[in-house]
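Since we're looking at a predicted model, the values are computed, not measured. By convention in this document, chain letters (A, B, ...) are assigned in the order of the sequence lines, proteins followed by strands, and residues within each chain are numbered from 1.
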Number of protein chains: 2
Amino acid sequence: MTTIKDVAKHAEVSVATVSRVLNNNGYVNSATKERVKRSIDQLNYRPNDVARSLFKGRSKMIALFVPDIMNPYFPELARAVEDVTNRHGYTFVLCNTDDEIEKELTYLNALQQKSIDGFIIVSSTITEEHIENVNVPIIALDRILSANLSSVTVNNREGGREATEYLKSLGCLRIAHISGPENASNTTERMRGYLDVVKNEDWFLSSYVVSGGYNFDKAKEVTINLLKNNPEVDGIFVANDLMGVGAMKAAQSLGIRVPEDLSIIAFDGITLGETTSPSLTTMAQPIYDIGARAAEMLIEQVNDRELPRKTEEFSVKLVERQSTKVRS
Amino acid sequence: MTTIKDVAKHAEVSVATVSRVLNNNGYVNSATKERVKRSIDQLNYRPNDVARSLFKGRSKMIALFVPDIMNPYFPELARAVEDVTNRHGYTFVLCNTDDEIEKELTYLNALQQKSIDGFIIVSSTITEEHIENVNVPIIALDRILSANLSSVTVNNREGGREATEYLKSLGCLRIAHISGPENASNTTERMRGYLDVVKNEDWFLSSYVVSGGYNFDKAKEVTINLLKNNPEVDGIFVANDLMGVGAMKAAQSLGIRVPEDLSIIAFDGITLGETTSPSLTTMAQPIYDIGARAAEMLIEQVNDRELPRKTEEFSVKLVERQSTKVRS
DNA sequence: ATGAAAGCGCTAACAG
DNA sequence: CTGTTAGCGCTTTCAT
């Protein structure tokens, strides 16, 4: 490996001068600057980032915590975060946490030992006390972790309301809800939105709300039970697309036609919903945008640690596809 | 940040001694060792990995290059690699290359400046000369880059043969193939397997092979053309599942029933193929296993730089689902 | 068994 | 405008 010393020797200057032209700061005669640049080229010198990091106490790395990258909601988020961080010269570290607090804490520690510059976190388990001794910026993404932490989310409750209203507008008379895990802020908000709309309907039964755990197979299973026990249900608002597809499979396995007998609307707007038959009507999040925004926000906070905490909420948008249909 | 110096002071020893207990090497009196450990605990000391990396010239980081994590084949691979690297104390860096050589070279450089320990690379564009001055181990994954580079792949040609034979065994009389990009070794092998089986059939036409570019929309489009121009086709072997789902969509849009009129078999075995209706018959790769194996192999080579290059090939397995059916 | 000190490669005062 | 030097926090000879 060629070092700054080699360059200095080759250009017959001091390492300080080389460092100055490298970082383009401080005064340096344009002639010597050229000479140094030539030496850098000739020696094909690349500064050692580890040495820089040691000095600066920052590594130009950013980490994204997701429960599981295999869940199809997260790749787009990850892609967005990587694009932005990369564009700003940061290295992107991906951590699968399985929503286990031990893994999360382990990552938090390990990465701080590497002088990581900040975290973007999707989590249902981390709370304030877990991060009180984290001394780099954190952005909560998709789910809110704590009131005084910056966050980027969508209007889940409003979206839940709109989805449910949409089913009503289609003429659905019995609308059920497949919810996600209890401890995730996003899914509880979606359920609230659903309840806002149906809780005063005379037909509403608490058994119309069942938990699918953000999981394809689980959702399929609970949907089968739901539809068996409540054959009158003609509309389902499912808390995310992955479960929505599971719900469609469930209906099909029961010989219930979607959308003729049953309308299904879900939430997220992942590509998966476009590939199924029928394709899935959904409340689409601007997934890429919220990931990108979280990354930008984090980088802003990394560059100015005094920045106030900020919380941004994006809007979801109804995307009508084939799994919903006007009742006749 | 508390440093090794603080611990040394607190335990009334030298930093060298603290370092010894930290790394569990060299002689150190068990009494003082205990004292040091207590100090470490009390001060809640965590060694600075950047300083370690600077000294060692290694960072305990491993990078995975994928074309695009949003392609549903890659999350499982990424998950596998992350699991293994994490288990061995490595930090996992994810890079989306879009199969663009400039991005790949930029990443290669940037990460070496960070003293990265090794690369796992899925690429169709990198060749030998691009990596000749990379001085850390590289494992090619999914696609072969160069003969003298370690690699982990599947038996693509054999798999292509089996898929095509399977369609024949079902009674398909005109079998087409949707292939991937020309420059990727995996997809050309799959096509070879297909050709092995059909090239001597008297019905075989070169127009039965069309390229879908490993892309959902493109595959859908070319399949529509294929089926319009060649309505006699009653079986398609598609080079991957993503395109396979596109092909199913295409058939449906044309009113061609799958599997009654047309059997479709694809390749990869990603979860997506289970969620569609009909679900997709496929030659399933052990995706997680090859990712995990590549990571293990890389770590072996990181730990012993003299290890010989190794190339491992896993087997694909026919998974019969609903998109194929015996001709009647 | 322990400590002193050099050095990993770089940056940023401080001098001149 | 340029050079000298002191670290950043750690590991590892080399003494003792």
Side-chain angles (χ1 to χ4, degrees), chain A residues 1-37 39-40 43-61 89 109-117 135-136, chain B residues 1-37 39-40 43-61 89 109-117 135-136:
Chain A
M1 217 45 226
T2 122
T3 76
I4 197 172
K5 244 182 190 158
D6 302 324
V7 177
K9 205 165 293 171
H10 186 272
E12 295 176 303
V13 293
S14 74
V15 295
T17 302
V18 178
S19 176
R20 287 190 189 99
V21 346
L22 238 35
N23 299 289
N24 221 344
N25 67 12
Y27 295 95
V28 39
N29 181 300
S30 63
T32 58
K33 178 184 259 179
E34 280 317 305
R35 190 150 37 90
V36 170
K37 281 186 171 172
S39 297
I40 289 176
L43 299 181
N44 192 28
Y45 166 71
R46 306 269 162 218
N48 180 325
D49 272 339
V50 178
R52 283 182 165 174
S53 295
L54 178 56
F55 182 86
K56 300 247 191 194
R58 293 122 135 297
S59 64
K60 287 237 130 196
M61 297 199 301
N109 274 319
L111 291 170
Q112 285 190 271
Q113 290 185 233
K114 286 191 142 40
S115 298
I116 195 129
D117 289 2
N135 37 32
V136 294
Chain B
M1 216 47 225
T2 121
T3 77
I4 197 173
K5 242 181 192 163
D6 303 324
V7 177
K9 205 166 296 171
H10 186 273
E12 296 175 301
V13 294
S14 74
V15 296
T17 302
V18 178
S19 176
R20 287 190 188 100
V21 345
L22 239 32
N23 299 289
N24 222 343
N25 67 11
Y27 295 95
V28 38
N29 180 300
S30 64
T32 59
K33 178 183 256 178
E34 280 317 307
R35 190 149 38 90
V36 170
K37 281 187 170 170
S39 296
I40 289 177
L43 300 180
N44 191 28
Y45 165 72
R46 306 268 162 219
N48 180 326
D49 272 338
V50 178
R52 283 183 164 171
S53 295
L54 178 57
F55 183 87
K56 299 247 187 194
R58 315 98 110 344
S59 63
K60 286 237 129 194
M61 297 199 300
N109 275 319
L111 291 170
Q112 286 192 99
Q113 291 184 232
K114 285 190 143 40
S115 297
I116 195 129
D117 288 2
N135 39 32
V136 295

DNA chain C contacts made by residues 1-12 of chain A, counting heavy atoms under 4.0 Å:
Thr3(A), Ile4(A)
Looking at Tyr27(A), I'd like to know whether one of its side-chain N or O atoms comes within less than 4.0 Å of OP1 or OP2 on dG3(D).
no
Starting the side chain at C-beta, find the nucleotide from dC8(D), dC10(D), dC10(C) nearest to Ala51(B).
dC10(D)
Neighbour count above 12 (heavy atom, 6.0 Å) for Glu12(A) CD
no
Spacing of Lys60(A) atom NZ relative to dT11(C) atom P, expressed in whole Å:
13 Å
To the closest 0.5 Å, what do you measure between CE (Met61(B)) and CD1 (Ile116(B))?
4.5 Å
Pair Thr32(A)-Val21(A), side chain to side chain contact (heavy atoms under 4.5 Å, CB included): steps then yes or no
CA-CA 9 Å; Thr32(A) 58; Val21(A) 346; over 6 Å; no
Heavy atoms under 4.0 Å, any strand shown: does Ser53(A) hit a base, just sugar-phosphate, or nothing?
nothing
Nearest-Å distance for atom pair CG/P, residues Asn24(B) and dA1(C)
14 Å
Calculate the interatomic distance between Asn29(B) atom CG and dA1(C) atom P; express it in whole Å.
7 Å
Hey, could you give me the OG1/CZ distance between Thr2(A) and Arg46(A), rounded to the nearest 0.5 Å?
10.0 Å
Table of protein N/O atoms under 3.5 Å from nucleotides 12-16 of chain C N/O atoms:
none

Point-to-point distance, once rounded to the nearest 0.5 Å, from OG1 of Thr3(A) to NZ of Lys9(A)
8.0 Å
Hey, could you give me the OG/NZ distance between Ser59(A) and Lys114(B), rounded to the nearest 0.5 Å?
6.0 Å
With sugar-phosphate meaning primed atoms plus P, OP1 and OP2, does Val13(B) contact a base, only sugar-phosphate, or nothing at under 4.0 Å between heavy atoms?
sugar-phosphate
OP1 or OP2 of dG3(C) sitting under 4.0 Å from any side-chain N/O of Thr17(B)?
yes
Spatial distance of atom CG (Leu111(B)) from atom CG (Asp117(B)) [nearest 0.5 Å]:
11.0 Å
Arg35(B) CZ to dT2(C) P, in whole Å, measures 8 Å
Rounded to the nearest 0.5 Å, what separates atom CD1 in Ile40(B) from atom CG in Leu22(B)?
5.0 Å
Which nucleotide in the set dC10(C), dT2(D), dG3(C) lies at the smallest distance from any side-chain heavy atom of Thr32(A)?
dT2(D)
